[in-house]
S.K.: 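Below is one structure. I have some questions about it.
Basis for what follows: all heavy atoms, side chains included, without hydrogens, waters or symmetry-related copies. Residue numbers run from 1 in the order of the sequence given.
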Amino acid sequence: MKLDISELTAGYGSNHVIERLNLSIASGEIVTLIGTNGCGKSTLLKTMARILKPCAGTVLLESKSVHSMNTGQLAKQLAVLPQIHAAPEDVTVRQLIEYGRFPHHGAWRMASSWDRMVVDDILKMTRLEELASRKVVSLSGGERQRAWIAMTLAQEPKVLLLDEPTTFLDVCCQFEVVELVRKLNRKLGITVVMVLHDLNLAARCSDRLAAIRDRRILHVGTPREIITPEILRGIFNIESEVIYGRDGIPFFIPVGSCCGEVKS
């Protein structure tokens, strides 16, 4: 599903974190939001997810405003995994994933055979079959994050929003999570928008990067177009060297901070 963000202003009270921001995301695309701490990445994601109400502008999902859609219908099309989440201590992996079926059967209807089949398929897809009966709190960080992503998939969404899904994970688990997201995107055609701090990881798993600064998106493009010394200097105020792997994906090496003001 396509997402269109137009002239979006949002924030907290009178503090506008993003202003008149514009971004179009094609159906089936992975777009990662990058930028410094506090630049508005998570604020944009929360507004897209309808967690925050915009001060102005629109977020359109296939030409329909997400802020005027029926909550139940939106939950069948768009799923969000926030940066901080926790499950009750006695909840198993299977039970957590089953929570994602709520938009499809509501509070009073029992899970159907179709619901159970969807959960079984997702357990297999996310390689959690052998962990289905384990308590979520007993899992490793990477396993736990896979379980939460599996829960969002149980909604059968067309759009998936992920806020820093690799935070607090070691390098191997970070790759495991983004590779899972990439696999799901390719297999199911889910449109993915996520926030990542690791630029090299973002370059490896994204179709496009959107760089935020001064409350707006200043640059949007492929990883090769965005991971350049000039753009990294303007967005992050760092000096860097950029090399390319055998697959052509850029990899940046920070070599120092810039002195003086951030340059465009």
Side-chain angles (χ1 to χ4, degrees), residues 28 30-34 41-42 45-46 48-49 51 75-76 78-105 111 113-207 249:
I30 296 180
V31 174
T32 298
L33 309 176
I34 63 172
K41 303 183 297 295
S42 292
L45 207 71
K46 288 176 182 176
M48 294 168 66
I51 296 170
K76 293 178 182 178
L78 184 149
V80 58
L81 184 61
Q83 185 178 349
I84 299 173
H85 41 266
E89 290 189 3
D90 59 343
V91 168
T92 66
V93 170
R94 174 177 284 276
Q95 288 170 332
L96 180 69
I97 297 171
E98 288 172 346
Y99 290 161
R101 296 302 298 163
F102 181 81
H104 296 272
H105 60 66
S113 58
W114 174 257
D115 293 320
R116 290 189 289 273
M117 187 177 75
V118 169
V119 171
D120 288 341
D121 286 346
I122 290 170
L123 281 165
K124 187 180 302 182
M125 197 181 306
T126 54
R127 296 185 293 109
L128 290 168
E129 286 177 293
E130 295 183 1
L131 302 175
S133 60
R134 285 267 302 274
K135 301 290 178 62
V136 175
V137 294
S138 74
L139 303 180
S140 69
E143 291 168 343
R144 194 177 302 133
Q145 197 67 328
R146 271 194 285 141
W148 282 101
I149 291 172
M151 186 199 71
T152 65
L153 291 176
Q155 292 179 223
E156 297 185 278
K158 301 297 187 296
V159 177
L160 183 59
L161 307 180
L162 303 170
D163 193 356
E164 299 187 35
T166 60
T167 299
F168 308 125
L169 300 181
D170 62 36
V171 173
C172 181
C173 288
Q174 289 178 27
F175 272 99
E176 185 181 46
V177 167
V178 297
E179 285 168 359
L180 172 62
V181 171
R182 188 74 173 175
K183 182 183 84 170
L184 296 170
N185 163 261
R186 293 298 181 251
K187 184 173 182 177
L188 304 177
I190 298 174
T191 304
V192 179
V193 185
M194 58 183 167
V195 172
L196 288 176
H197 277 293
D198 188 321
L199 301 184
N200 291 323
L201 201 61
R204 180 151 295 278
C205 68
S206 308
D207 296 311
I249 295 174

S.K.: Taking the side chain as everything from C-beta on, heavy atoms only, tell me whether Glu156 gets closer than 4.5 Å to Arg101.
M.R.: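 They are in contact (side-chain heavy atoms under 4.5 Å apart), so the answer is yes.
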S.K.: Would you compute the distance between atom CG of Leu153 and atom CD1 of Ile97 and round it to the nearest 0.5 angstrom?
M.R.: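 So the gap between those two atoms works out to 8.5 Å.
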S.K.: On a heavy-atom basis, which atom in Arg186 and which in Gly28 lie closest, and how many Å separate them?
M.R.: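 Smallest heavy-atom distance, with atoms named: NH1-O, 4.1 Å.
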S.K.: Can a donor-acceptor pair be found, under 3.5 Å and without considering hydrogens, that links the side chain of Lys183 to the backbone of Met125?
M.R.: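 Here the side-chain-to-backbone pair exists.
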S.K.: Looking only at heavy atoms, what is the nearest atom pair of Val118 and Ala154, with distance?
M.R.: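 Closest approach of Val118 to Ala154, heavy atoms only: CG1-O, 4.4 Å.
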S.K.: Less than 4.5 Å apart, any side-chain heavy atom of Leu201 and any of Thr32?
M.R.: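 Leu201 vs Thr32: side chains apart.
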S.K.: Rounded to the nearest 0.5 Å, what separates atom OG1 in Thr166 from atom CD in Gln83?
M.R.: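 Here the interatomic distance stands at 9.5 Å.
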S.K.: Look at Glu98 together with Arg116 and state whether they make a salt bridge at an N to O cut-off of under 4.0 Å.
M.R.: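 Between Arg116 and Glu98 there is no salt bridge, as every charged N stays at least 4.0 Å from the carboxylate O atoms.
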S.K.: Report the distance from atom CG of Leu45 to atom CD1 of Ile51, rounding to the nearest 0.5 Å.
M.R.: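 Result: 7.5 Å between the selected atoms.
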S.K.: Side chains of Ser206 and Ile30, heavy atoms from C-beta outward: is any pair under 4.5 Å?
M.R.: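 Yes; the side chains approach each other to less than 4.5 Å.
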S.K.: Does Gln145 reach the main-chain N or O of Pro165 with its side chain, forming a donor-acceptor pair under 3.5 Å?
M.R.: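 Flag set: sc Gln145 to bb Pro165 pair under 3.5 Å.
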S.K.: So, do Leu139 and Leu131 sit near enough that their side-chain heavy atoms are less than 4.5 Å apart?
M.R.: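 Of all side-chain heavy-atom pairs linking Leu131 with Leu139, at least one is under 4.5 Å.
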S.K.: Any idea which heavy atoms bring Gly142 and Leu169 closest together, and the distance?
M.R.: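 In this case the closest contact between Gly142 and Leu169 is N-CD2, 3.7 Å.
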S.K.: Got Arg134 and Leu128 here, is their nearest side-chain heavy-atom distance under 4.5 Å?
M.R.: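 No, every pair of side-chain atoms sits at 4.5 Å or beyond.
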S.K.: Check for a donor-acceptor pair, side chain of Arg146 on one end and backbone N or O of Arg127 on the other, with a separation under 3.5 Å.
M.R.: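 Checking the backbone N and O of Arg127 against the side chain of Arg146, a donor-acceptor pair under 3.5 Å is found.
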S.K.: Run the side-chain contact (heavy atoms from CB on, under 4.5 Å) check on Arg204 and Arg182 step by step: do they pass?
M.R.: CA-CA 10 Å; Arg204 180 151 295 278; Arg182 188 74 173 175; over 6 Å; no
S.K.: According to side-chain contact (heavy atoms from CB on, under 4.5 Å), who are the partners of Thr92, at least two apart in sequence or on a separate chain?
M.R.: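 For Thr92, the residues satisfying side-chain contact (heavy atoms from CB on, under 4.5 Å) (neighbours in sequence not counted) are Arg94, Gln95, Lys135.
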S.K.: Grab the two heavy atoms, one from Ala147 and one from Val93, that are nearest each other, plus how far apart they are.
M.R.: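 Heavy-atom minimum between the residues: CB-CG1, 4.3 Å.
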S.K.: Could you state the interatomic distance from CE (Met194) to CG (Leu81), rounded to the nearest 0.5 Å?
M.R.: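 Atom-to-atom, Met194:CE and Leu81:CG are 12.0 Å apart.
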S.K.: Does the Glu129 side chain pair with the main chain of Lys124, one donor and one acceptor, at a distance under 3.5 Å?
M.R.: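 Not confirmed, Glu129 side chain does not pair with Lys124 backbone.
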S.K.: Closer than 3.5 angstrom, by distance alone: can the side chain of Gln155 be matched with the main-chain N or O of Ala75 as a donor-acceptor pair?
M.R.: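 Indeed, once roles are kept as given, a pair shorter than 3.5 Å links the two residues.
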S.K.: Going by the side chain to side chain contact (heavy atoms under 4.5 Å, CB included) test, name the single residue among Thr191, Ile190, Val80, Val192 that passes it with Val159.
M.R.: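 Of Thr191, Ile190, Val80, Val192, side chain to side chain contact (heavy atoms under 4.5 Å, CB included) with Val159 is met by Thr191 alone.
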S.K.: Could you tell me the separation between the CG atom of Leu33 and the CE atom of Met48, rounded to the nearest 0.5 Å?
M.R.: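 That separation rounds to 7.0 Å.
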S.K.: In Å and rounded to the nearest 0.5 Å, what is the CG to OG1 distance from Leu161 to Thr152?
M.R.: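 OG1 of Thr152 is found 9.5 Å from CG of Leu161.
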S.K.: Looking at every non-hydrogen atom in both residues, tell me the closest pair between Leu196 and Ala202 and how far apart they are.
M.R.: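 That closest heavy-atom pairing would be CD1-CA, 3.8 Å.
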S.K.: Please tell me if the side chains of Val177 and Leu162 come closer than 4.5 Å, counting only heavy atoms from C-beta onward.
M.R.: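 Result no, sub-4.5 Å side-chain heavy-atom pair not found.
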